Student: 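One structure coming up, written as structure tokens, with questions to follow.
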Amino acid sequence: MMAEEEQSQIVPAVQRGLELTVAKSALIARGRRAAATLVAVADVMYCGFSMNSIRRLAFHGNPDAAHFLAEFFYGHSHAALCQSDSDTLRWCRNAAEHGPVEECGDAHYWYIKAAEHGQMAAQNKLALLYEDGDLGPHNEVEVARWYRAAAELGDMECQYHLGRCYHEGIGVAIDYHEAAKWYRKAADCGAIYAQMALGVMYYAGVLHPAGERDYVHAFMWFSLGNWTNVPDEVIKHVESLKDLRSLEALMTQQQIAEAKRLTAAWKRSPDAGDDAYSFLNRLATALNHTG
Amino acid sequence: MTIQIVHETSRDDENIHAKKAALEEIRSILAELELELADLKASLEAFESRYLREVGALYAELDEWNARIAELVARQNPTADATRQAEEARRHARSTYEAAHGDRAEKEDFNPSPDLKKRFREVAKRIHPDLASDPADRVRRTRLMADANRAYQAGDAEVLGRILDEYEAGVHRDEMRETELNLLTRQITQANERIAEIKREMAVFRESEIFKLKRDSEKASGEGRDLLSELAASIKSEIELARQRHDAMAEANR
């Protein structure tokens, strides 16, 4: 059996591990999104579609065209001052110089247009921008609003973030059960961070009215969450939990068997979220249709 | 009576023979999958390390400037909202810094030699924990297998050889208490369970952002572009912008 004090160290260690993991994953996701924007802008420009035709589509309410313009102007405001000779940035500059930028050069405006038309990637981006304070004053209500919009349409990433909003009280009142509900949806689509967050919630006992720890579900979500993305220096602190041996030591044989049964029976559900590229393919199709 | 015993024994022998052949095949599959998983992990780690070094560090710098700007704003106009935003920006900058600089050791690009791969396969076949005969053996094999994974990722064929020697030296066949047939059956079950686990683990890796970023970067590289460098260039321009803004504000403040 594990000593009481050792137990009391595990939850903070897991939380710390989770925070670092989430920070690292956010840093990677941030780069991937930015890279997708660079590629998207370059690809559409490269295919010879004019900014005019994209703009026309956007004004007619095509959410993908609106999203493209938003990404374009968002990227462009940064790229404009760039001294780099990279081809992508040159395309950006050329397109901006020859396009009617002054009429619609507002990334924020087009993100909202796209988001209001249910474009999940734009909703996700809008929430992130509000959360990072990139759209003026930090607005937590808007953060939760746009995460919710995409989460309800089935975007795995936003389901996790909405869970985080309820977990930490961002733009909504703290509600652990509501947090667990959204984490669960994302976790079922295979979001590792949601699986780990759920594991921590069950382990900490916040989902039980009397605060009782639920080892069976903690074990299940931890083993699904895999720990593969947790940095080594954190693993050192939670080595015992990592391979689930110490958690097993707290459990009865029956509980372990039940947890293993749940793990084996778990099935991934599909993520309805938008890939960074898919909107671009749809946009190219729409542009080809309009000639 | 005598005939019956001989008959039973030979049927057992046949069974054992078949199971041995099956186990041999599963061992090869398991070793191959362990190798594939180790390759995937190592190549993702190397790519992640490069990303954090070339791009993550720049994001950390950008967030640092943004935190300084928010702190300047809060100092100029110390409302509750501005103070909270400055704290938030500082916290964000710290978290980005930790994420970007958490891995002290820089990982080289991962290009295992065919010889290294061959050795790892041998080790995985011989010492895989799911082929253990009893709990003590399993603990020992788990430790050696973890060592082997580390050695493989570090590209150290010599250590892999030593691990195999260490394992062979510690095998006590006389300690086996189970009948051979039971042991074989259990080994096959365990190996199959691990195979399923590896497949699940690889699927998780393929869903990760870093895997997708690596894929995007490889696709771009096929078109003669260097995505990470482009990304770095665009963040550098943002940093320059933020720095200018900070300096102008600091100047006006003076």
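Side-chain atoms are counted along with the backbone in the values below, which use heavy atoms only and exclude waters and symmetry mates. First the proteins, then the strands, lettered A, B, ... as listed; each starts at 1. None of the values given here were measured: they were computed from a predicted structure.
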Student: Considering non-hydrogen atoms only, spot the tightest contact between Glu48(B) and Ile28(A) and give its length.
Tutor: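 What the structure gives for the nearest pair is OE1-CD1, 3.7 Å.
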Student: Check the surroundings of atom OH in Tyr97(B): do more than 12 heavy atoms from other residues, nucleotides or ligands lie under 6.0 Å from it?
Tutor: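 For Tyr97(B), atom OH is not crowded (no more than 12 foreign heavy atoms under 6.0 Å).
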Student: Return yes when atom CZ of Arg245(B) has more than 12 non-hydrogen atoms of other residues, nucleotides or ligands closer than 6.0 Å, and no otherwise.
Tutor: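 No.
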Student: With sequence neighbours left out, what residues match Ser229(B) under side-chain hydrogen bond (donor to acceptor under 3.5 Å, both in side chains)?
Tutor: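 Checked Ser229(B) against side-chain hydrogen bond (donor to acceptor under 3.5 Å, both in side chains); matches are Asp226(B).
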Student: Dump the intermediate steps for side chain to side chain contact (heavy atoms under 4.5 Å, CB included) on Leu52(B) and Lys24(A), then the final yes or no.
Tutor: CA-CA 9 Å; Leu52(B) 291 176; Lys24(A) 212 174 195 176; 3.5 Å; yes
Student: According to side-chain hydrogen bond (donor to acceptor under 3.5 Å, both in side chains), who are the partners of Asn149(B), at least two apart in sequence or on a separate chain?
Tutor: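 For Asn149(B) there are no side-chain hydrogen bond (donor to acceptor under 3.5 Å, both in side chains) partners, ignoring immediate neighbours.
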Student: Give the minimum heavy-atom separation between Tyr51(B) and Leu27(A), together with the two atoms involved.
Tutor: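 Of all heavy-atom pairs spanning Tyr51(B) and Leu27(A), the closest is OH-O, 2.5 Å.
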Student: May I ask you to test the Arg30(A)-Glu209(B) pair for a side-chain heavy-atom distance under 4.5 Å?
Tutor: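 A side-chain contact is absent here, since even the closest heavy-atom pair is not under 4.5 Å.
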